[in-house]
Each structure stands twice: as structure tokens, then as C-alpha cells.
Amino acid sequence: MYIVTAKEMYEVDRYAMEDIGISGSILMESAGRAIAEKMKPLIGTTDRIFVLCGSGNNGGDGYVVARTLLNEGYDVTAVQVGRNLTADAALYQQLYNRLGGHVADVEADTFLSSLESADVIIDAMLGLGVRGALRSPYTETIQAVNSTDALVLAVDLPSGVPADDAADFREAIQADYTFIIEAPKPTAFIQKTAPFYGKWETVSIGLPAAYLGRQAGARTWTKEDVKRTFPVRQPFSHKGTNGKGFLIGGGTEMPGSVTMASMAALRAGAGLLTVGTLPQVIPSVLSHLAEATFTSLAGENGVLVDTENLDVSAYDAVVAGMGMGRGEDTAALTKRVLEQAEVPVLLDADGLYHIKSDLELLRNRQAPTILTPHPGEMAMLLDVKVPQLLEQPFELARKFATVYQVYLVLKGTYTIVTAPDGTQLVNTTGNPGLGKGGSGDVLSGILLAMLMQHEDPLEAIANGVYVHGRAADVLVEDAHSQQDLLATDLMKGLAKVFRDISL
Ligand SMILES: NC(=O)C1=CN([C@@H]2O[C@H](COP(=O)(O)OP(=O)(O)OC[C@H]3O[C@@H](n4cnc5c(N)ncnc54)[C@H](OP(=O)(O)O)[C@@H]3O)[C@@H](O)[C@H]2O)[C@@H](O)CC1
Ligand SMILES: [K+]
């Protein structure tokens with residue numbers, strides 16, 4: 001499913017009208033009719049319905065919905081919110097009128113209190129065109145709607161929610177359902193704004209699909225995408241052809257992180273795995289998995305430090321960072337890995353702190369670099385506060401990935417994977433049971449295995465993120481709960497997920 005910004009959507013709109021010749025009024029009629037059909041199963045035949053119509057084209061869609069429902073015998077009243085209607089909105093207000101519809105004025109003295117009698121409120125006030133702080137009469141109307149008990153159905157966007165980011169966002173209609181035209185907008189995936197949509201679904205209005213696909217900078221990565229791209233293990237493959245991975249991390253205080261990442265890498269199909277860690281950490285990792293091999297790396301005071309003897313030449317992919325600590329000598333080791341490895345390198349956790357002072361290193365690499373920050377780590381790398389990052393995750397992630405030429409995995413409820421060319425894939429698997437220590441280590445291990453087995457880094461990463469979230473979902477659907485789920489349980493979930501994918 002594509003995800004489009006307001007700018008991309010307006011371009012598709014322009015193309016449909018100017019290059020194809022589908023007029024704006026045809027699009028509006030199609031939108032209103034299709035949305036009314038989707039709304040009908042949610043509305044009772046005797047319900048009192050108000051359709052709040054703004055003065056822009058979102059309001060135009062609303063007049064088409066109102067006319068469609070009126071024509072089918074529903075008890076519907078359209079309400080004009082705002083002045084100076086666009087030509088198409090004015091046209092459809094007129095058609096609704098001529099069919100016998102009554103238009104109430106939101107600014108009439110008693111109108112807002114009469115909203116309390118509504119069973120259903122259809123919100124067609126503001127859509128893609130909302131800009132800046134809300135003005136009267138939209139502000140009061142939104143507050144009045146939110147204080148009723150009516151079922152609230154929004155057209156395209158809940159009024160007040162911007163399409164692209166939550167930077168300007170203050171207040172909006174709290175919808176029960178939103179019927180989004182053609183493709184969801186980024187705010188459907190942003191923490192601050194997503195709840196205002198209620199449940200949502202997309203409604204096709206006949207916009208040119210191929211052109212929309214070319215314009216969209218982002219899309220969701222689905223089970224079908226995973227099945228389509230997942231590498232098939234060949235009958236004559238052996239441990240060497242299934243990839244050789246190197247996992248560098250761990251200290252005496254955090255041996256568990258490398259253990260979990262290593263278990264996950266092996267369970268995700270790594271052919272061979274070497275763990276580079278402190279000699280005193282090896283027994284603890286070994287006690288959990290017999291399949292890994294080990295390289296002792298130099299350490300001081302219980303943490304890894306830089307060493308000239310590091311050899312990363314024999315591997316297909318390298319991951320570093322988990323459990324390493326943030327000291328300067330350890331940072332030098334991470335930088336050495338980035339400089340020496342001619343294969344994909346994934347940095348997680350402390351590894352992300354190590355490169356903060358030397359981001360140019362990332363741009364200088366020839367082979368892919370993958371960073372997997374959670375919002376706190378991403379905010380640190382970008383020098384912004386976490387709330388700002390959470391308001392604009394799509395833009396800020398894209399900016400960082402394109403400037404530093406990295407594959408960026410911004411972890412969250414909807415993890416956003418951004419490629420160095422700015423392409424974004426959004427993951428929708430996973431659940432709050434993953435919000436625990438160790439989940440990130442498991443993800444890094446899975447990603448290491450995926451990168452070793454797959455030519456295309458973007459597909460490999462998106463598949464790994466999908467699989468990680470899906471493993472948590474199948475466990476919670478089955479024997480576990482969000483409460484008790486542990487990172488180490490994910491290994492069991494992987495079995496079912498991989499079996500499903502290969503069916
Ligand atoms: N291809 C498609 O996607 C199609 C899209 N279609 C539909 O068109 C919608 C986009 O229509 P749009 O461009 O006319 O913008 P829209 O959302 O109606 O808002 C503009 C109005 O809002 C007002 N306003 C703005 N900010 C405000 C504020 N802070 N506080 C108060 N008022 C504010 C602004 O007032 P002004 O600034 O002009 O005074 C103006 O009156 C889209 O969401 C979809 O529903 C379909 O019909 C067909 C195909
Ligand atoms: K709306």
C-alpha cells in the first residue's frame with residue numbers, strides 16, 4: 001500500500017485532471033459516492049446524520065456524500081462551515097439543494113448545541129488543504145463534535161490532522177472511522193496523530209494508480225512483499241553459501257545482548273556466525289548456543305577496545321554495537337570496522353553513539369551501512385529532541401539517510417526503513433510486547449542474517465523488520481501475551497513465521 005504526502009497527492013490530482021482529462025468534479029463525485037457506500041453499513045436508517053462541509057474540496061466531497069444519503073432516504077442535513085466555497089464545492093452544494101436537501105449554517109446561534117441530537121456526524125470540513133493553526137468557525141465546531149456521543153466518520157482526514165507531519169498539529173476531530181482517499185498519508189503512522197483517525201481504510205476513486213505509485217515516496221511492506229522477495233534456500237546450498245556473519249559486541253556487564261543477537265542470526269538462517277567479544281564473555285554466550293564460533297577481541301576494564309589485529313575480511317556482513325559501552329577506545333574499534341569492512345555493516349545501540357562525532361565516515365563507505373536507532377538514538381544522531389523526531393519521523397529519517405547515504409531503520413510502532421535514495425518502507429507488524437530490553441538485539445541479529453542471504457539490502461532489511469514484528473505477533477496470538485513476551489521468546493516465533501513465508 002502506497003503512502004503519499006499532500007504534495008504527492010496534489011500532483012496525482014493535477015495529472016488526473018490535466019494530463020488524463022478527468023475533471024475535478026468527476027473526481028469529487030467519485031470520491032463522495034464511494035465514501036458514502038463505505039459509510040452506509042455503519043449508519044442506521046433512522047439515524048440523525050449531520051454532514052459538516054468545509055469550504056474547500058473536502059467539503060465538496062461532503063456535499064456529494066450528503067446528496068447520496070439523502071437520495072437513499074436517510075435523515076441527513078448538510079452543514080456549511082466556512083465561507084467562499086470552491087467552484088466544485090459550490091456546485092455540489094447546489095445539487096444537494098436541488099434534490100431537496102437543507103443546508104444549515106454552523107454560525108447560526110443555536111447550531112452547535114443542536115449537534116448533540118446527532119447520531120452520526122460526517123466530518124468533511126478540512127482535508128489535505130489544512131494549513132497552520134485552526135481558525136474559527138472550525139475550531140469551535142471541532143470542539144463541539146468531540147464533545148458529542150455521536151458516531152464520527154471522517155472524509156479523507158480527520159479535520160485538523162495535517163497530511164504529512166505533526167509539527168503544527170494542535171487539535172482535530174476525533175474520528176471513529178476515517179475513509180482515506182486512495183492512499184494513507186504519513187500522519188496515519190505518526191504517534192501523535194494516528195489515534196485521531198480511529199479505524200481507517202482507503203477508498204478508491206479512480207485516480208491513475210501507476211502514476212500514484214511512481215509519485216509515492218513511501219509504502220507499507222506487506223506479507224506479499226516478503227513472500228515475493230524472500231530468498232529461496234537452494235537444494236545444493238551449504239553453510240558457506242548461506243553467508244558468514246561477524247557479530248561484534250558485548251562486555252562483562254552486558255553479555256546478554258550479543259547472546260540474543262547471535263541466537264536470532266542463527267535462527268534467521270545465517271550459514272556461519274562468528275562472535276567477536278571479550279574472552280570472559282565467551283562462556284556465557286556459548287552456554288546458550290553451541291552453533292556459533294568465537295574470536296577473542298582485546299578488552300580493558302570489561303569492555304572491548306580498539307585493536308590493530310581486527311580482521312573483518314572473511315565475512316559477508318558485520319554487525320557491531322550491542323553491549324559495547326560508549327568509551328572512546330571502544331568507539332575507535334567501531335570506526336575501524338566501518339573503515340575496513342568491504343561488506344554491509346550494521347550498527348546498533350552503543351555503535352550509534354560511537355559514530356556520532358564522525359558521521360562523515362558513513363558517507364565515505366562503498367558498501368552498505370545500516371543503522372538501527374530507536375527514537376532516542378535517532379534524536380541523538382540528528383541533534384533534535386525526541387518529541388520533534390516523533391512529530392516528523394518521515395522527513396527527518398529521509399534527510400539523514402540521504403545525506404549520510406545509509407539504510408536507516410527508525411524503530412517504532414511503525415518502523416520506517418529508509419534507503420540512501422530516500423525510498424521509505426513502513427512496517428506494520430509487531431505489538432507492544434516488543435517494548436522490552438533485548439528486542440533490538442534480536443532485530444539486529446535477524447537483519448545480519450537477512451543481509452547475508454539477500455542481494456538487495458533494502459528488501460533484506462524490510463523483510464527482517466517484518467519477520468521480527470510478525471514473530472512477536474504470532475507468539476501473542478498463540479501461547480504468550482504482550483505482558484510476558486520476552487526477547488528470547490522471539491526465537492520460537494521465528495519458526496512459525498518462516499514456515500508461513502515459505503508456504
Ligand atoms: N486527488 C485527491 O486527493 C482528491 C481530493 N479531494 C478532496 O479534496 C480535499 C482537498 O481539498 P482542498 O485542497 O480544497 O483543501 P481542503 O482540505 O478542503 O481545505 C481547504 C479549506 O480549508 C481552509 N483552511 C485551511 N487551513 C485552515 C485552518 N488552519 N483553519 C481554518 N480553515 C483552514 C481553507 O480556507 P482558506 O485558507 O482558503 O481561507 C479552505 O477553505 C481532499 O482532502 C479530498 O477530501 C477530492 O474531492 C477529489 C480528489
Ligand atoms: K475531513
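Read the numbers this way: they start at 1 and go in the same order the structure lists the ligands and their atoms.
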Protein neighbours of ligand 1 with a heavy atom under 4.0 Å, given by chain and number, are Met9, Tyr10, Asp13, Leu27, Met28, Ser55, Gly56, Asn57, Asn58, Asp61, Leu126, Gly127, Leu128, Gly129, Val130, Arg131, Gly132, Ala133, Leu134, Arg135, Tyr138, Asp156, Ile181, Ile205, Leu207
Looking at Gln388 and Ala167, would you say the former's side chain and the latter's main chain have a donor-acceptor pair under 3.5 Å? no
Side chains of residues 78-89: which donor-acceptor pairs under 3.5 Å do they make with residues two or more places apart or in other chains?
| residue | atom | partner | partner atom | Å |
| --- | --- | --- | --- | --- |
| Gln80 | OE1 | Gln93 | NE2 | 2.8 |
| Gln80 | NE2 | Gly82 | O | 3.0 |
| Arg83 | NH2 | Asp105 | OD2 | 3.1 |
| Arg83 | NH2 | Glu107 | OE2 | 3.4 |
| Thr86 | OG1 | Asn57 | OD1 | 2.8 |
| Thr86 | OG1 | Ala89 | N | 3.3 |

Vertex the K ion (ligand 2), rays to OD1 in Asn58 and OG in Ser159 - rounded to 10°: 100°
Can a salt bridge be assigned to the pair Lys227 and Glu224 using a cut-off of 4.0 Å between side-chain N and carboxylate O? no
Using 4.0 Å as the upper bound for N to carboxylate O, is an ion pair formed by Arg398 and Glu395? no
Would you find a donor on one side and an acceptor on the other, under 3.5 Å apart, between the side chain of Lys356 and the backbone of Met380? yes
Between Thr193 and Thr187 (side chain of the first, backbone of the second, donor and acceptor by atom type, cut-off under 3.5 Å), is there such a pair? yes
What angle, in degrees and rounded to 10°, do you get at the K ion (ligand 2) when you join it to O of Val155 and to O of Asp123? 90°
What pairs of donor and acceptor atoms, side-chain ones from residues 438-451 against any protein atom, are under 3.5 angstrom apart with sequence neighbours left out?
| residue | atom | partner | partner atom | Å |
| --- | --- | --- | --- | --- |
| Ser439 | OG | Leu434 | O | 2.6 |
| Ser439 | OG | Lys436 | O | 3.3 |
| Ser444 | OG | Asp348 | OD2 | 2.9 |
| Ser444 | OG | Gly440 | O | 3.3 |

Show me the donor-acceptor pairs, under 3.5 Å and distance only, between side chains in residues 127-137 and residues at least two apart or in other chains.
| residue | atom | partner | partner atom | Å |
| --- | --- | --- | --- | --- |
| Ser136 | OG | Glu140 | OE1 | 3.4 |
| Ser136 | OG | Glu140 | OE2 | 2.8 |

Does the shortest distance from the K ion (ligand 2) to an N/O/S atom of Thr178 fall below 3.4 Å? no
Apex the K ion (ligand 2); atoms Leu126 O and Leu157 O; angle rounded to 10 degrees: 90°
